[in-house]
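Following: one structure in structure tokens, then a few remarks.
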Amino acid sequence: MSSAPAADGPLVVGVDSSTQSTKVLVVDAATGRVVASGQAPHRVSSGAARESDPEDWWNALRSALDQCGAAAREAAAVSVGGQQHGLVTLDARSRPVRPALLWNDVRSAAQARSLVERLGGPKAWAERVGSVPGPSFTVTKWAWLAEHEPEAVRATAAVRLPHDYLTERLTGCGTTDRGDVSGTGWWASGAEAYDEEILGLVGLDPELLPRVVGPGEVAGTVRGGGELPFSKGTLVAPGTGDNAAAALGLGLRPGTPVLSLGTSGTVYAVSRRRTADPTGTVAGFADARGDWLPLACTLNCTLAVDRVAALLSLDREAVEAGGTVTLLPYLDGERTPDLPHASGLLHGLRHDTTAGQLLQAAYDGAVHSLLGALDLVLEADADRSAPLLLIGGGARGTAWQDTVRRLSGRAVQVPEAKELVALGAAAQAAGLLTGEDPAAVARRWGTAEGPVLPPVERDETALARIAGVVSDAAPLLGAGGQEDVGP
């Protein structure tokens, strides 16, 4: 899209380099108005190996910026938000040694189990890094690479995360930020420093890692070369991971709960206190400001419910109230509750059960898991009457909104702003220019504004029924498909 009428303040660029595509927003730093935007896709391998060529991300960024026209050339600062956890290996000439291993590449499950044991168990990991690493974490991917592709490890002169790679292409400097590095597994959240013992466990030289840039610091300036429309010397912010960028984009204050409804469900809230959950359910990530971003996720959200709708030949909104049927849509196993080998389960089917009631039961089962995850994320003193911020692909669906309200008993607010990761990156870039807290910038822009749907009476009967089925069916839910993911 081309440039809109003249801006009130300087222009900034926010980038969202996600798994599937790169999105770019050119934003008026004074008002938050989006004056231009662009998007370009990435290629991702299929199957157990989920990989992308980092050059694809760079080329997508170039294409998305080209779509922004003259507005991108006027930008005074830029920031990159990116998919978390991915392992980027660069050679001595800063070129990718091999395709990046993405967050959803789970081939390192065996290495994750081994690493947890070698450091002394889940509690030791939670206390040290704030999280218990699973196969999404970067440290497990490096361990897998060392075991299966030692020649690639020998050729590696620098290790980066996806957002680090793009920032370094802009500035020529190897940097990261506390929000994204907190998802690697080799950054100690208490000390806020790389953990040399963990790096030693996986044979990773700390000299290969980027400098951690603090909140509000400048990561560098755009170097010359003409590949991108930015002027040489344009300020580059630290950037961050996608969840921390979305938190910035919403201007979150501590304790405000977020439910993100996507293929998987994610719940998080900014906290002043560092999290260390030894069960591994809550990831104790840092945010991009200096606080913390405890986060939990469920594996089955919009995609699972849509699958049930398709099986019933129903539109996803064709739900019906009533009935006593329970459907646990654990089609991909489940993470919250911790049932990795579970499959979907249907209980309480009657002659008078309708297809619409079955579909509503799928929504109920998915939201029950989300609210269980949220209870683990929120601190005891959190305001339980504050509206839940609903974001993601399902947030504008009436059935999702109504189900969250009914099972939570809370008001729901649906922000009108879209592309919250790119908006958060833009707010971070704007903060460099104004000296403001990026979350305060986003609040000034009004990014979280949107309709507030009032609370309804909490459906305690449905909650108790679903919890009872989960408990009573534990042997069934834990027995399906015990095979491990191979290395």
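In this chain, numbering begins with 1 at the start of the sequence shown. Hydrogens, waters and symmetry mates are skipped; everything else that's a heavy atom, side chains included, is used. The structure displayed is predicted, hence computed values, not measured ones.
Annotation: side chain of Phe230 is in contact with side chain of Val13 (closest heavy-atom distance under 4.5 Å). By the 4.5 Å heavy-atom criterion applied to side chains, Leu208 and Asp205 are counted as neighbours. Counting only heavy atoms from C-beta outward, the side chains of Arg62 and Leu228 approach each other to under 4.5 Å. Looking only at side-chain heavy atoms (C-beta outward), Asn104 and Ser136 stay at 4.5 Å or farther from each other.
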| Between Val88 and Leu101, is a side-chain contact (heavy atoms from CB on, under 4.5 Å) present by the stated rule, with each step listed? | CA-CA 7 Å; Val88 180; Leu101 278 70; over 6 Å; no

| task | Evaluate the criterion side-chain contact (heavy atoms from CB on, under 4.5 Å) for residue pair Val213 and Asp177; output intermediate values, then yes/no. | result | CA-CA 5 Å; Val213 179; Asp177 93 299; 5.6 Å; no

| Derivation and outcome, side-chain contact (heavy atoms from CB on, under 4.5 Å), residues Tyr165 and Glu55 | CA-CA 10 Å; Tyr165 172 77; Glu55 281 285 345; 3.8 Å; yes

| said: Test side chain to side chain donor-acceptor pair (under 3.5 Å) on Arg211 and Thr175; report intermediate values, then the result. | reply: CA-CA 5 Å; Arg211 179 174 70 91; Thr175 62; over 6 Å; no

| message | ring-ring contact (aromatic ring centres under 6.0 Å, His included) for Phe285 and Trp292? Distances and angles first, verdict last. | response | CA-CA 6 Å; Phe285 296 142; Trp292 303 93; over 10 Å; no

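Using modelled atom types, one finds a donor on one side chain and an acceptor on the other under 3.5 Å when comparing Thr176 with Asp164. For Trp187 and Glu192, the side-chain atoms include no donor-acceptor pair closer than 3.5 Å. Checking Glu147 against Gln111 by side-chain atom types alone, a donor-acceptor pair falls below 3.5 Å. Residues Thr184 and Thr138 have side chains that never bring a donor and an acceptor to within less than 3.5 angstrom of each other. Of the N and O atoms on the side chains of Thr275 and Asp277, not one donor lies less than 3.5 Å from an acceptor on the other residue. Of the N and O atoms on the side chains of His42 and Thr22, at least one donor lies less than 3.5 Å from an acceptor on the other residue.
Annotation for Arg316: atom CZ does not count as buried by contact number, only 12 or fewer foreign heavy atoms lying within 6.0 Å. Under a cut-off of 6.0 angstrom, the local environment of CZ in Arg307 is sparse, with at most 12 non-hydrogen atoms contributed by other residues, nucleotides or ligands. Within a 6.0 Å radius of CH2 in Trp103, no more than 12 heavy atoms belonging to other residues, nucleotides or ligands are found.
With salt bridges taken as basic N to acidic carboxylate O contacts below 4.0 Å, one links Arg107 and Glu51.
Listed by chain and residue number, Arg272, Arg289 satisfy the side chain to side chain donor-acceptor pair (under 3.5 Å) test with Asp291 (two or more places apart in sequence, or in another chain). Here Asp195 pairs with Arg128 under the salt bridge (Lys or Arg N to Asp or Glu O under 4.0 Å) rule; sequence neighbours left out.
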